Amino acid sequence: MKVADCMSRNICVLSLDNSLQSAAQLMAEMDSGFLPVADKDELIGIVTDRDIAIRGVGMGLAPSAGVEEVMSDEVRYCFAEDEVEKVLHTMGTLQMRRLPVLDRDKRLVGVVSLSDLATNGAAPAAGAALGDIAQPSEHHSQRL
């Protein structure tokens, strides 16, 4: 199965002129803790609720501060045509629960989550990836 068969296509995207407050409000409305940051359809970063809390609030940034101050600009992603098993392996190795999905022209076309993959026929591999994700790691240190 390909990522395109199970990814979420209806995604909200932040731009660099979004504030931390507007990003948090959008996350609350969507019940999501992860938003891609793009310039048109070019992926340039990711902001998570944890970025806002730990990096933003932890550094004393105002709610009006721009998302670029807390976003991760070293973005990991997959392609819509990638095989699900390959993406699950990547997610486990990188300890990531969600990945932006790009087309071959590197335009943002969706997001795929571990639960998207698990509920679309890849439950055993998703379970293995979750086991890897849950391990302590230096990948996601939030030290200021």
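Just the heavy atoms: all of them, side chains too, but no hydrogens, waters or symmetry mates, feed the values below. These numbers come from a predicted model, not from an experiment.
- Every residue was checked against the ring pair (Phe, Tyr, Trp, His ring centres under 6.0 Å) condition with F34, not counting sequence neighbours, and none meets it.
- At least one side-chain heavy atom of V47 sits under 4.5 Å from a side-chain heavy atom of M27.
- Put simply, SG on C78 and NZ on K86 are 8.5 Å apart, with the number rounded to the nearest 0.5 Å.
- Looking at heavy atoms from C-beta onward, C6 lies in side-chain contact with M1 at the 4.5 angstrom threshold.
- Two residues are said to be in side-chain contact when any heavy atoms from C-beta on lie closer than 4.5 Å; L99 and V111 fail this criterion.
- Under the side-chain hydrogen bond (donor to acceptor under 3.5 Å, both in side chains) criterion, the residue pairs touching residues 20-31 are N18-S22, S19-S22, with sequence neighbours excluded.
- A single hydrophobic cluster is not seen to contain both V67 and L43; linkage of ILVMFWY side chains at heavy-atom distances under 4.5 Å, directly or through other members, places them apart.
- In this structure, R55 contributes its side chain and V70 its backbone to a donor-acceptor pair below 3.5 Å.
- G56 and L20 get closest at one heavy-atom pair: CA-CD1, 4.2 Å.
- With a 4.5 Å cut-off on side-chain heavy atoms, M71 and P36 do not count as touching.
- Closest approach of V75 to G45, counting heavy atoms only: CG2-CA, 3.4 Å.
- Between S8 and V112, every side-chain heavy-atom pair lies at or beyond the 4.5 Å cut-off.
- Rounding to the nearest 0.5 Å places CZ of R97 at 13.5 Å from CG of D116.
- Under the 4.5 Å side-chain heavy-atom criterion for ILVMFWY residues, a single connected hydrophobic cluster contains both L88 and L94.
- V87 and I11 fall into different hydrophobic clusters, where Ile, Leu, Val, Met, Phe, Trp and Tyr are joined by side-chain heavy atoms under 4.5 Å apart, directly or via other members.
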Run the side-chain contact (heavy atoms from CB on, under 4.5 Å) check on L35 and C12 step by step: do they pass? CA-CA 7 Å; L35 288 171; C12 287; 4.1 Å; yes
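- Contact annotation: the side chain of I44 approaches that of L16 to within less than 4.5 Å [non-hydrogen atoms, C-beta and beyond].
- Checked against side-chain contact (heavy atoms from CB on, under 4.5 Å), V57 has no partners two or more places apart in sequence or in another chain.
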Only pairs under 3.5 Å count here: list side-chain donor-acceptor contacts from residues 101-109, not counting sequence neighbours, and write none if there are none.
{"unit_1": "D103", "atom_1": "OD1", "unit_2": "D105", "atom_2": "N", "d": "2.9"}
{"unit_1": "D103", "atom_1": "OD1", "unit_2": "K106", "atom_2": "N", "d": "3.1"}
{"unit_1": "D103", "atom_1": "OD1", "unit_2": "R107", "atom_2": "N", "d": "2.9"}
{"unit_1": "D103", "atom_1": "OD2", "unit_2": "R107", "atom_2": "NE", "d": "3.3"}
{"unit_1": "D103", "atom_1": "OD2", "unit_2": "R107", "atom_2": "NH2", "d": "2.9"}
{"unit_1": "D105", "atom_1": "OD2", "unit_2": "R107", "atom_2": "NH1", "d": "3.3"}
{"unit_1": "K106", "atom_1": "NZ", "unit_2": "Y77", "atom_2": "OH", "d": "3.0"}

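- Using a 4.5 Å heavy-atom cutoff, the side chains of V13 and V37 are not in contact.
- Of all heavy-atom pairs spanning A4 and R9, the tightest one is O-NH2, 3.0 Å.
- For E83, the side chain to side chain donor-acceptor pair (under 3.5 Å) criterion is met by K2, not counting sequence neighbours.
- With sequence neighbours left out, the side-chain contact (heavy atoms from CB on, under 4.5 Å) criterion links A24 to I52.
- Taking CD of E81 as the reference point, atom CG of D5 lies at 8.0 Å (rounded to 0.5 Å).
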